[in-house]
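Atoms within a ligand are numbered from 1 in the order they appear, just like the ligands themselves. Values below: all heavy atoms of this structure, side chains included; hydrogens, waters and symmetry mates excluded.
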Amino acid sequence: MSALFSPIELRGLKLANRIMVAPMCQYSAIDGEANDWHFTHINMLALSGAAMFCIEATAVEAIGRITPGCLGLWNDATEAALRPILASVRKHSKAAVAMQLAHAGRKASSHAPWDGGQLIPISEGGWQPEAPSAVPQKENEPAPKALDTAGLARIREAFVATAKRAERLGLDALELHCAHGYLLHEFLSPIANKRTDEYGGSLQNRMRFPLEVYEAVRAVFPEAKPIGVKVSATDWVEGGWDVAQTIEFARELKKRGADWIDVSSGGVSPLQKIPLSPGYQVPFAKDIKEATGLTTIAVGLITEPKQAEEIVASGKADMVALARGMLYDPRWGWHAAAELGGQVAAPPQYWRSQPSTLKELFGKTTFGGR
Ligand SMILES: Cc1cc2nc3c(=O)[nH]c(=O)nc-3n(C[C@H](O)[C@H](O)[C@H](O)COP(=O)(O)O)c2cc1C
């Protein structure tokens with residue numbers, strides 16, 4: 001019996017297996033609006049065999065986009081653009097669909113990675129990024145604008161408004177992006193947060209804004225639907241955010257009913273030194289799970305079915321998320337089920353691909369003809 005292919009419940013959401021397609025920016029929207037690329041990408045990976053697909057970091061306001069091509073959900077047009085895509089997914093896939101709610105903070109106004117990923121100056125069509133403090137991401141960059149009380153309220157309300165739109169679109173779950181050096185992580189990390197008011201300084205103060213946003217979003221999203229949080233467990237910089245602080249943050253989130261913590265790392269400082277290796281962030285997920293008991297998703301260089309199985313079976317994490325591995329093999333979940341003796345839902349149009357040696361892979365299937 002495969003642990004990876006055993007069911008799990010997140011509030012009222014029942015998942016048939018422990019695999020999530022990690023949120024992945026596509027840098028392909030126009031004015032935040034999804035288009036034919038998102039239609040193809042989302043439908044494709046909703047058929048991966050993962051029980052949950054998480055839509056990419058979705059900006060809650062226009063200036064909260066990382067790049068001009070980032071997806072958004074802040075007005076009627078961005079909401080309308082996602083509707084037919086979700087309708088198609090619902091027609092053809094059994095995967096739950098989550099959305100990652102995000103604000104880029106000081107990393108906003110960047111070029112797409114394939115155009116170098118650097119800051120777009122205002123003089124070249126960029127915009128003024130806003131952040132906890134007027135401290136730039138990279139030393140030679142102009143400083144972002146430090147958010148004042150009105151700015152904090154505006155952004156909190158933008159998260160709430162986007163959560164309401166996500167519910168109108170029928171999304172099954174939300175993930176709050178508190179990782180990778182974007183706005184909510186910037187509040188947590190002493191590297192980016194130099195505030196002297198109640199939102200900076202002590203750990204309690206640095207956690208305040210992300211927790212306020214979590215609470216505000218939780219208050220408007222249906223009780224039965226889960227909300228998770230993605231974190232960077234460490235900044236990989238001496239004196240930065242670290243695992244001990246992440247555990248405290250996870251405890252606070254758990255008190256407020258958070259349904260999972262998705263454990264990544266890094267992104268806040270160009271000085272980070274990351275020792276990459278297979279599953280390199282899994283030990284952080286394990287530490288957080290052990291300390292808090294919060295449902296944990298491990299992510300980062302998980303590529304092999306047996307590796308994913310071991311992570312879940314040994315209790316290091318409750319679920320795994322894959323990003324690059326899913327782009328490389330968009331039916332990773334099918335292949336993992338075949339290897340581990342699990343079952344996946346496949347659309348009837350593809351049932352004939354079931355290997356003759358694996359008659360139960362797609363569950364109960366029929367195929368007749370004359
Ligand atoms: C193309 C691409 C886009 C990404 N966009 C996001 C994103 O929108 N939100 C996020 O939290 N992480 C994002 N990530 C990071 C992944 O979700 C994941 O944490 C990271 O790639 C490590 O997992 P992997 O080794 O399976 O790729 C992105 C990664 C890739 C490759």
query: Taking NZ, NE, NH1 and NH2 as the nitrogens, is one of them in Asp259 or Arg218 under 4.0 Å from a carboxylate oxygen of the other?
result: yes

Numbered atoms and elements of ligand 1 in range of Ala22, under 4.0 angstrom, heavy atoms: 17 (O)

query: Which ligand 1 atoms, with their elements, are less than 4.0 angstrom from a heavy-atom of Pro23?
result: 4 (C), 5 (N), 6 (C), 7 (C), 8 (O), 9 (N), 10 (C), 11 (O), 12 (N), 13 (C), 14 (N), 16 (C), 17 (O), 28 (C)

Any N/O pair His177/ligand 1 closer than 3.5 Å: yes

query: Of all the atoms in ligand 1, which lie at a distance below 4.0 Å from a heavy atom belonging to Lys230?
result: 10 (C), 11 (O), 12 (N), 16 (C), 17 (O), 18 (C), 19 (O)

- request: Go through the side-chain N and O atoms of Asp242 and Thr234 and say whether any donor and acceptor fall under 3.5 Å apart.
  value: no

task: Output the list of atoms in ligand 1 that are nearer than 4.0 Å to some heavy atom of Leu322, sorted by atom number.
output: 26 (O)

- request: Answer side chain, backbone, both or neither: which part of Arg324 comes under 4.0 Å from ligand 1, heavy atoms only.
  value: both

- request: Indicate yes or no: at least one non-hydrogen side-chain atom of Arg331 is less than 4.5 angstrom from one of His335.
  value: yes

query: Would you call the rings of Trp114 and Tyr27 parallel, tilted or perpendicular, where under 30° means parallel and over 60° means perpendicular?
result: perpendicular

- prompt: Any idea which atoms of ligand 1 are less than 4.0 Å away from a heavy-atom of Leu301?
  reply: 24 (P), 25 (O)

Parallel, tilted or perpendicular: ring planes of His41 versus Phe53, cut at 30 and 60 degrees: perpendicular

- line: min-distance protein heavy atom vs atom 22 (C) of ligand 1 -> Gly300 CA, 3.6 Å

message: If we set the cut-off at 4.0 Å for heavy atoms, which region of His180 has an atom near ligand 1: side chain, backbone, both, or neither?
response: side chain

task: Compare Cys178, Ala179, Ala323 and give the one whose heavy atom is closest to atom 21 (O) of ligand 1.
output: Ala323

Proximity to ligand 1 by part of Met326, non-hydrogen separation under 4.0 Å: neither

- request: Give yes or no for whether the N/O distance cutoff of 3.5 Å, strictly under, is met between Gln100 and ligand 1.
  value: yes

field: Side-chain donor/acceptor of Arg256 to backbone N/O of Arg251, under 3.5 Å
entry: no

field: Set of side-chain hydrogen bond (donor to acceptor under 3.5 Å, both in side chains) partners for Lys255, sequence neighbours left out
entry: Glu252

- prompt: Is it true that the side chains of Glu309 and Ser2 contain a donor and an acceptor less than 3.5 Å apart?
  reply: yes

- request: Measure the distance from atom 2 (C) of ligand 1 to every protein heavy atom, then report the residue, atom name and distance (to 0.1 Å) of the closest one.
  value: Met24 CG, 3.7 Å

query: Nearest protein heavy-atom contact for atom 1 (C) of ligand 1: which residue, which atom, what distance?
result: Cys25 O, 3.9 Å

message: Show the nearest heavy-atom pair for residues Gly201 and Arg206, with the distance to one decimal.
response: O-NE, 2.9 Å

